[in-house]
Amino acid sequence: AQSVTQPDIHITVSEGASLELRCNYSYGATPYLFWYVQSPGQGLQLLLKYFSGDTLVQGIKGFEAEFKRSQSSFNLRKPSVHWSDAAEYFCAGGGTSYGKLTFGQGTILTVHP
Amino acid sequence: EAGVAQSPRYKIIEKRQSVAFWCNPISGHATLYWYQQILGQGPKLLIQFQNNGVVDDSQLPKDRFSAERLKGVDSTLKIQPAKLEDSAVYLCASSSGTSGDYTDTQYFGPGTRLTVL
């Protein structure tokens, strides 16, 4: 079945440290992949998306993600985390350009000063 | 540019009561989505509209949930009667394209938090 999995429910990092949030997908063909961020009381905001082409995708707020077909992964990275990055992050995917987006269960990021 | 508006922001009801949520998408956006986000889970698509027509409602529990999008603009999601397991945040999103595919970024509203007692 097509699915998106985020193995880490909660991650804590210190401010200024690097960050990597994991996302694994299960799709037959090249999937359409997204990362969203949700701050408390707010809707989801798109950070970046991958459809095809360059496997390293740049997004907003200094985030990037790398599509690795061999590992079925689309991990989100940031070289230096700011306290304002504390939020919940969702990976989402689709098997074709139409149809339902499937979201992972989310990773809560806590940033220590 | 104004974002996606939703109301109410919070709602508490007793089980078996009915409730309705309202969504006003970004002006000019043809596609509108309703998602259900249960605590600890990612959003799940309930229904997708293209203008005022339904594109996908395969995950909408049609025995109790209904949705409409009159005139291809505002939309209302209704639950009647509500069950305890309907407690969740209901998110509305819209996108500009008429194709409804993923190249059109979805913009999300702040959501309505429903608690069913």
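Since we're looking at a predicted model, the values are computed, not measured. Heavy-atom basis, side chains included; hydrogens, waters and symmetry copies ignored. Lettering follows sequence order; numbering is per chain, from 1.
Within the 4.5 angstrom heavy-atom criterion, atoms from both the backbone and the side chain of Leu44(A) approach chain B. Using a 4.5 Å cut-off between heavy atoms, Gln45(A) does not touch chain B at all. Neither the backbone nor the side chain of Arg113(B) comes within less than 4.5 Å of any heavy atom in chain A. Only the side chain of Gln37(B) comes within contact range of chain A, with heavy atoms under 4.5 Å apart.
In this structure, CD in Gln38(A) is found 9.0 Å from CZ in Phe108(B), a value given to the nearest 0.5 Å.
Across every non-hydrogen atom of Phe103(A) and Pro43(B), the tightest pair is CD1-O, 3.4 Å.
Atom NZ of Lys62(B) sits in a crowded spot, with more than 12 heavy atoms from other residues, nucleotides or ligands closer than 6.0 Å.
Between the side chains of Lys44(B) and Thr102(A), not a single donor N or O lies within less than 3.5 Å of an accepting N or O.
In the hydrophobic cluster analysis, where Ile, Leu, Val, Met, Phe, Trp and Tyr join through side-chain heavy atoms closer than 4.5 angstrom, Leu32(B) is grouped together with Phe21(B).
Leu45(B) is not listed as a side-chain neighbour of Leu101(A), based on a closest heavy-atom distance of 4.5 Å or more. Tyr36(A) places a side-chain heavy atom less than 4.5 Å from the side chain of Gln106(B).
Annotation: salt bridge (charged side-chain N to carboxylate O under 4.0 Å, His left out) contacts of Asp8(A) (sequence neighbours excluded): Arg22(A).
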